[in-house]
Amino acid sequence: MAGLVLRVVLVIAFCSFHVSAETSSHHDSLSGTHSVTSSSGGQRPVIGLVLSGGGAKGIAHVGVLKVLEEMKIPIDIIVGTSAGASVAGVYAIGMPLEEIEERFHVMDWDKGLTDEPPREDKAFRRKQDDYDFATGLTLGVGADGFKFRKGLIQGQQLLTILSDLTLQASHIEDYDQFPIRYRAVASDIETGETVAIDKGNLALAMRASMSIPGAFPPVKYEDHLLVDGGISNNLPINIARDMGAELIIAVDISSPLLEGDDVNSLVGVVEQLTNLLTRGNVDAQLATLTEKDILLKPNLEDAGSGDFGRGDELVEMGATAARASAVRLKGLSVDNQTWIAYQLKRGQNLRQEQPVDRIEIANNSGVANKFISSRIEQSEGEPLDIAQLEKDLDQIYGLGYFELVSYDIINEDGQNTLKINAEKKSWGPNYLRFGLQFEENFKDDTRFNLTFYLDQTAINDLGAEWKTAARIGSQPFIQTEFFQPLTYESTYFLSLKGEYKKQDVNIYEDGNKTSEWDVANGNVSAGLGREFGNTSELRVYYQVGQADAELEIGKEDINKFDENIGSVITSFTYDSLDNLFLPHNGVIARGEWSVSRDEFNASHDYDRVTALLGGAYSLKRYTFVGRVSASSVTKNSAGISDFVTLGGLFNLSAYGRNEFSGPDGSFANMIVYREFGGPFIPYMAGFSYEVGNVWDDITEASWGQVLDSYTLFAGSDTPIGPVTLAASYADSDHQAIYLSIGTDFFTMF
């Protein structure tokens with residue numbers, strides 16, 4: 001069902017939405033624009049090229065432009081909607097057509113339809129959120145109730161792609177200053193009127209033109225909230241005329257109506273609805289064409305709005321439509337001298353290799369400007385490093401505080417100002433998340449947990465956060481942590497934490513569960529830490545509390561005990577994995593040294609060292625995952641509440657959860673899986689080999705004591721969390737089948 005919902009969203013996101021042909025237009029009336037004089041002294045009409053929206057089919061516009069250039073037909077005005085606005089924009093700023101075709105061919109369109117930056121660009125604290133197995137549903141929460149995000153996709157990655165495409169004109173505000181005068185057509189979501197964007201950030205204008213309501217949030221522009229231009233005007237012929245175009249070349253790539261079985265599905269019905277709405281406003285614009293105007297309608301019946309992988313075919317489809325009208329287009333060709341002059345004008349280098357004289361932060365969030373500027377590597381007085389800037393913006397967005405992070409280059413009085421725009425989340429700064437965990441071994445153990453997370457962010461200008469979690473189910477807990485950065489760079493921090501948790505611990509003999517303990521643990525801790533970029537964290541904290549255990553099922557010599565907790569714990573984590581459940585590359589390493597002492601009021605005086613090392617490497621669609629972990633009491637002996645356990649899915653899977661427990665333990669496994677589908681609902685099938693055991697003293701362990709387990713599994717990273725179906729085998733007495741939600745490969749024990 002989740003996959004079907006996302007497919008519907010994609011259809012919406014790649015189709016232009018249109019409601020009426022009778023909306024009012026916001027004009028750029030330029031009276032007094034006359035015919036252009038060619039180099040031979042003759043008059044030629046002012047030519048306006050109008051490109052409609054249509055998702056991936058917009059690549060066909062590139063083919064039309066190729067033929068126009070082959071025939072030496074100059075364009076004086078270019079106007080586009082949605083996908084047409086993107087092609088029109090890069091052509092208007094003078095990008096060579098060969099480069100446009102190449103850039104569109106290699107572009108990662110899937111990335112543009114995701115919100116999250118690459119995991120390596122996330123702040124380390126946001127990476128820790130991944131361990132919660134929270135679902136994708138996040139609600140804003142405040143005194144006035146719940147707040148919802150404005151779109152399924154915030155569009156940060158799409159804006160980054162468009163900013164890179166339009167870099168050479170990033171310092172130009174007025175679109176009439178482009179080599180070809182240009183307008184991006186969007187719609188005011190409040191009034192439904194057409195808005196022809198004629199100035200400002202070009203990448204943001206393109207994004208506004210393709211901001212599908214519900215899929216992307218509206219874009220603020222002057223006094224408007226803008227969404228996809230197709231709502232009001234998918235083929236904006238009237239805008240080109242208002243700019244002074246005397247002859248229109250209109251390229252209509254809107255979809256034809258579906259027929260028969262093509263409509264007999266949810267996706268088909270949604271697409272047909274958009275097509276029906278489209279025809280009205282497109283036909284109204286087509287009716288304004290005169291005999292001297294030229295309409296090009298590529299044959300795209302077998303192409304879909306999401307067929308970005310068919311770029312070469314789509315370009316040729318557009319070129320074929322233009323060649324079919326070659327006789328009519330021929331009359332617009334100019335002589336060589338005029339064409340060369342036109343090409344020189346269009347090919348002028350708009351990008352100015354001048355230093356950044358000043359950096360300005362536009363920030364409406366609760367954190368300080370310095371909190372943002374400290375993450376910008378660009379120095380004043382140095383040339384703009386666009387690759388580094390885009391990485392910096394991804395990292396700022398990856399902090400999780402902002403709805404959109406963009407930049408402008410403003411040239412005033414010979415000074416270049418780099419303006420960083422950090423727009424706070426409209427549904428923040430406090431959020432409610434939901435986590436789900438479920439495991440069924442179809443034998444003797446069922447676990448279900450539902451967790452609620454309240455994240456309060458940007459509490460002060462240093463970026464303090466207060467996170468509270470409450471879980472109901474098999475392993476209930478309540479936990480709260482106040483996290484206070486001590487510098488604007490968040491390098492050093494203070495953590496105050498408290499938790500109370502309960503869990504069932506099973507005791508096995510010869511593969512059979514003989515007893516079950518109810519273990520409760522309450523503790524508070526205070527600590528200091530340091531983050532090392534986005535990959536690592538070191539923290540030292542003092543923890544005190546109490547652990548109580550009571551026998552629930554079975555018979556034991558002792559049926560109740562309690563222990564005091566008092567320890568100083570030093571932990572280090574390195575995490576460069578690109579994904580916890582479906583990793584393709586990266587490394588994770590965790591180490592912990594716990595010192596429990598009588599003077600800290602602890603019941604047991606001992607030291608424990610625990611470590612984990614894991615990583616992933618991909619070769620095409622195959623991924624190899626490895627993990628090694630060990631834990632040992634290095635001084636004296638630990639209490640039963642601090643024993644390590646093995647057993648359960650990907651932790652000696654053929655055995656029951658926590659079937660083995662002891663003071664020391666070690667474990668290793670190797671996983672290989674093949675990924676299918678994606679990128680939105682990827683799934684995989686694979687094999688895991690696991691070895692390990694627990695000991696009273698790990699130094700006395702031998703290979704003959706090691707247990708092993710073989711597991712075949714399939715899974716998917718779904719909107720409710722990672723879902724896994726697995727079958728495991730160790731020997732004739734130990735097999736298991738699992739259905740699990742919320743399990744990864746990298747637990748310590």
Side-chain angles (χ1 to χ4, degrees), residues 11-29 48-58 60-61 64 77-88 182-198 205-206 208-216 218-219 221 224-243 245 248-258 269-290 293-298 300-301 305 321:
V11 169
I12 295 172
F14 286 126
C15 297
S16 293
F17 272 64
H18 319 284
V19 294
S20 172
E22 298 179 356
T23 55
S24 59
S25 295
H26 173 73
H27 295 169
D28 291 88
S29 182
L49 179 63
V50 180
L51 307 181
S52 78
K57 295 184 294 182
H61 292 315
V64 171
I77 293 166
I78 188 165
V79 180
T81 294
S82 196
S86 297
V87 176
Y182 165 77
R183 298 293 183 268
V185 173
S187 304
D188 188 315
I189 191 62
E190 296 178 310
T191 66
E193 71 172 332
T194 298
V195 177
I197 306 175
D198 61 354
M206 291 178 176
S209 185
M210 60 178 66
S211 290
I212 314 301
F216 292 96
V219 172
Y221 174 75
H224 304 281
L225 279 177
L226 300 182
V227 295
D228 191 294
I231 286 180
S232 58
N233 200 340
N234 195 45
L235 189 64
I237 294 169
N238 62 320
I239 301 298
R241 291 204 195 280
D242 291 339
M243 293 174 67
I248 298 293
I249 301 175
V251 186
D252 179 16
I253 59 168
S254 54
S255 300
L257 298 179
L258 303 178
V269 169
V270 172
E271 188 166 359
Q272 183 74 331
L273 176 62
T274 63
N275 293 341
L276 287 168
L277 295 172
T278 297
R279 291 317 321 163
N281 84 44
V282 170
D283 289 345
Q285 289 293 317
L286 292 175
T288 69
L289 293 176
T290 66
D293 298 321
I294 299 172
L295 172 64
L296 304 179
K297 191 169 179 59
L300 303 170
E301 289 189 6
S305 298

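What you are looking at is a predicted structure, and each value in this text was computed from that prediction instead of being measured. All residue numbers refer to positions in the sequence shown, counting from 1.
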**Report entry** With Asp293 via salt bridge (Lys or Arg N to Asp or Glu O under 4.0 Å) - residues at least two apart
**Finding:** Arg241

Does any N or O in the side chain of [X] come within less than 3.5 Å of the main-chain N or O of [Y], such that one atom is a donor and the other an acceptor?
{"X": "His61", "Y": "Ser52", "answer": "yes"}
{"X": "Asn234", "Y": "Gly53", "answer": "yes"}
{"X": "Tyr182", "Y": "Gly80", "answer": "no"}
{"X": "Ser209", "Y": "Thr81", "answer": "no"}
{"X": "Ser211", "Y": "Phe216", "answer": "no"}

Minimum heavy-atom distance [X]-[Y], with the two atoms named:
{"X": "Val50", "Y": "Ala240", "answer": "CG2-CB, 3.7 Å"}
{"X": "Ala321", "Y": "Pro298", "answer": "CB-CA, 3.5 Å"}
{"X": "Gln285", "Y": "Asn233", "answer": "CG-OD1, 3.5 Å"}

Rounded distance (nearest 0.5 Å) linking atom [atom1] of [X] with atom [atom2] of [Y]:
{"X": "Asp228", "Y": "Ile212", "atom1": "CG", "atom2": "CD1", "answer": "3.5 Å"}
{"X": "Leu289", "Y": "Leu235", "atom1": "CG", "atom2": "CG", "answer": "7.5 Å"}
{"X": "Leu286", "Y": "Ile248", "atom1": "CG", "atom2": "CD1", "answer": "11.5 Å"}
{"X": "Leu51", "Y": "Leu49", "atom1": "CG", "atom2": "CG", "answer": "4.5 Å"}
{"X": "Thr191", "Y": "Leu225", "atom1": "OG1", "atom2": "CG", "answer": "10.0 Å"}
{"X": "Lys57", "Y": "Ile253", "atom1": "NZ", "atom2": "CD1", "answer": "6.5 Å"}

Query raised in the report: For Leu226 and Ile197, what are the C-alpha separation, side-chain angles and deciding distance, and is it a side chain to side chain contact (heavy atoms under 4.5 Å, CB included)?
Result: CA-CA 10 Å; Leu226 300 182; Ile197 306 175; 3.6 Å; yes

Is there a side-chain contact between [X] and [Y], using heavy atoms and a 4.5 Å cut-off?
{"X": "Pro213", "Y": "Ile231", "value": "yes"}
{"X": "Pro218", "Y": "Val227", "value": "yes"}
{"X": "Asn238", "Y": "Thr288", "value": "no"}

Report summary line: For Ser187, the side chain to side chain donor-acceptor pair (under 3.5 Å) test, sequence neighbours excluded, returns Ser232

Requested in this report: Let me see the working for Lys297 and Ser254 under side chain to side chain contact (heavy atoms under 4.5 Å, CB included), right down to the final yes or no.
Outcome: CA-CA 9 Å; Lys297 191 169 179 59; Ser254 54; 4.2 Å; yes

